[in-house]
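Because the structure is predicted, anything quoted here is derived from the model rather than measured.
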Amino acid sequence: GIRMVTGHFPCCTRELLGAEFKTLTVLREPVARTLSYLRHHRANSPEDQHKSLEEIYNDPFRFHGMIHNHMVKMFCLDISDKKTGMLTHINFTREHLEAAKHTLETIDTVGVLEDYEAFCKNLKAAYGWDISAKVHANRTDASEPVSDAFRQRIAEDNALDTEFYQFALNLIERRHCSRLVDRCKWRNFAWRECRIEEPRRRDNLLGHLEVAPRRSVNCHFIEQSCITGLKLNLNLRCCFDNFRNLTNQCINSLSQARLA
């Protein structure tokens, strides 16, 4: 039987396989993805090797088939579009973006090329796969200068892809936070309130953190077979990046109280 299917194809392809699969995807920042595609096409297409990247970008077939909001396309297509697949020409709307977001949330493991090591770690944790060795394929020479104007044009043309990529980063962060909470659920704490001094932080869900003045955090732990009542006073929106440290401080405080 089929063990793995890999490649560049619309996500709806899984509906045609007649079996349940675990799904994985790695996305890339849209401007970087587009430039990489243009370089790869030129390197492998003798008829276009004399052209500039912008000339290839201006080719309507290339633009609509392989560039224009391509990530959104790959996640919003359904099996009714299978005649042309990934080359389907779409007049994009917000509905296509929302459909793509919904589909991405059904993917079991999502990663981004810009943090490929984290993606590999998640695969190892979930499936026991050790793919830490760096293997590169289809690499292109990125030394050619690209003007800021051309980069800006790509970003504007692919605005839905940019929003989709940011949504993916948020999804990855939310899942990471959820795993941190799950790791603590096996703990069995006595009911107690402890006050811990922790820097206030604000997280804009894109990984950019700002440190604010220190303030007390109230942590409540309920004695059960696992923590179902973990409550953080999130008036200061405590950043989950410090969650483990915060939890360890709570454990130490409770242990000291018991010894006392």
Side-chain angles (χ1 to χ4, degrees), residues 2-49 53 56-57 59-92 96-97 99-120 122-123 127 129 131 134-142 154-155 157-169 171-172:
I2 300 174
R3 298 186 61 189
M4 179 176 288
V5 179
T6 65
H8 297 281
F9 43 76
C11 190
C12 63
T13 301
R14 59 183 174 175
E15 300 176 35
L16 305 174
L17 298 177
E20 291 294 325
F21 285 86
K22 292 293 184 182
T23 50
L24 325 168
T25 191
V26 178
L27 304 177
R28 188 172 186 179
E29 192 280 320
V31 175
R33 190 206 75 82
T34 298
L35 292 173
S36 178
Y37 164 73
L38 294 173
R39 290 191 294 262
H40 180 266
H41 169 77
R42 184 172 63 182
N44 291 275
S45 303
E47 68 277 12
D48 288 339
Q49 288 181 357
L53 298 183
I56 299 172
Y57 184 84
D59 179 349
F61 176 78
R62 297 291 165 192
F63 179 78
H64 292 293
M66 298 294 295
I67 297 173
H68 191 210
N69 291 316
H70 192 69
M71 293 191 295
V72 169
K73 179 197 294 186
M74 298 291 271
F75 283 88
C76 78
L77 287 174
D78 58 42
I79 56 176
S80 66
D81 302 305
K82 63 180 181 293
K83 290 183 179 179
T84 53
M86 63 192 296
L87 296 178
T88 301
H89 183 169
I90 296 178
N91 294 317
F92 288 99
H96 292 103
L97 174 62
K101 289 179 180 180
H102 175 75
T103 301
L104 187 65
E105 289 182 314
T106 70
I107 301 298
D108 294 293
T109 306
V110 178
V112 293
L113 187 62
E114 289 74 16
D115 194 5
Y116 187 68
E117 290 185 1
F119 176 72
C120 293
N122 289 337
L123 292 183
Y127 311 112
W129 297 352
I131 54 175
K134 293 184 178 180
V135 178
H136 299 280
N138 299 324
R139 299 190 80 175
T140 57
D141 182 6
I154 294 172
D157 288 344
N158 297 278
L160 294 187
D161 257 8
T162 298
E163 187 171 340
F164 181 69
Y165 180 77
Q166 295 297 337
F167 176 83
L169 293 178
L171 177 63
I172 293 168

Is there side-chain contact between [X] and [Y], with heavy atoms separated by less than 4.5 Å?
| X | Y | value |
| --- | --- | --- |
| Leu87 | Phe61 | yes |
| Leu97 | Phe92 | no |
| Lys101 | Phe164 | yes |
| Tyr165 | Val112 | yes |

Drop me the distance from [X]'s [atom1] to [Y]'s [atom2], to the nearest 0.5 angstrom.
| X | Y | atom1 | atom2 | result |
| --- | --- | --- | --- | --- |
| Asp59 | Met66 | CG | CE | 12.0 Å |
| Thr25 | Met74 | OG1 | CE | 8.5 Å |
| Phe21 | Arg3 | CZ | CZ | 11.5 Å |

Heavy-atom closest contact ([X] atom, [Y] atom, distance):
| X | Y | answer |
| --- | --- | --- |
| Trp129 | Met4 | CH2-CE, 3.7 Å |
| Ile154 | Tyr57 | CA-OH, 3.7 Å |
| Cys11 | Thr103 | SG-CG2, 3.7 Å |
| Ile67 | Thr34 | CG2-CG2, 3.8 Å |
| Leu27 | Glu114 | O-OE1, 4.1 Å |
| Thr162 | Ala155 | OG1-O, 4.1 Å |

Hey, is CD on Gln49 packed in by over 12 heavy atoms from elsewhere, all under 6.0 Å? yes
Taking [Y]'s backbone N and O only, do any of them form a donor-acceptor pair with [X]'s side chain (distance below 3.5 Å, no angle check)?
| X | Y | value |
| --- | --- | --- |
| Asn158 | Pro30 | no |
| Asn69 | Asp161 | yes |
| Lys73 | His96 | no |

Give every residue pair that meets the salt bridge (charged side-chain N to carboxylate O under 4.0 Å, His left out) criterion with at least one member in residues 21-37, sequence neighbours excluded.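 Listed by first then second residue: nothing to list.
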side-chain contact (heavy atoms from CB on, under 4.5 Å) for Phe119 and Ile172? Distances and angles first, verdict last. CA-CA 10 Å; Phe119 176 72; Ile172 293 168; over 6 Å; no
Would you call the rings of Phe63 and His68 parallel, tilted or perpendicular if under 30° counts as parallel and over 60° as perpendicular?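 If you compare the ring of Phe63 with that of His68, the planes turn out parallel.
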With Thr23, the side-chain contact (heavy atoms from CB on, under 4.5 Å) member among Leu104, Asp108, Val5, Val110: Asp108
Check against side-chain contact (heavy atoms from CB on, under 4.5 Å), Ile90 and Cys76: CA-CA 10 Å; Ile90 296 178; Cys76 78; 4.2 Å; yes
Arg14 and Thr106: side chain to side chain donor-acceptor pair (under 3.5 Å), yes or no, with the steps? CA-CA 12 Å; Arg14 59 183 174 175; Thr106 70; 2.7 Å; yes
Mind running side-chain contact (heavy atoms from CB on, under 4.5 Å) on Glu105 and Phe167 for me, showing each step along the way? CA-CA 10 Å; Glu105 289 182 314; Phe167 176 83; 3.7 Å; yes
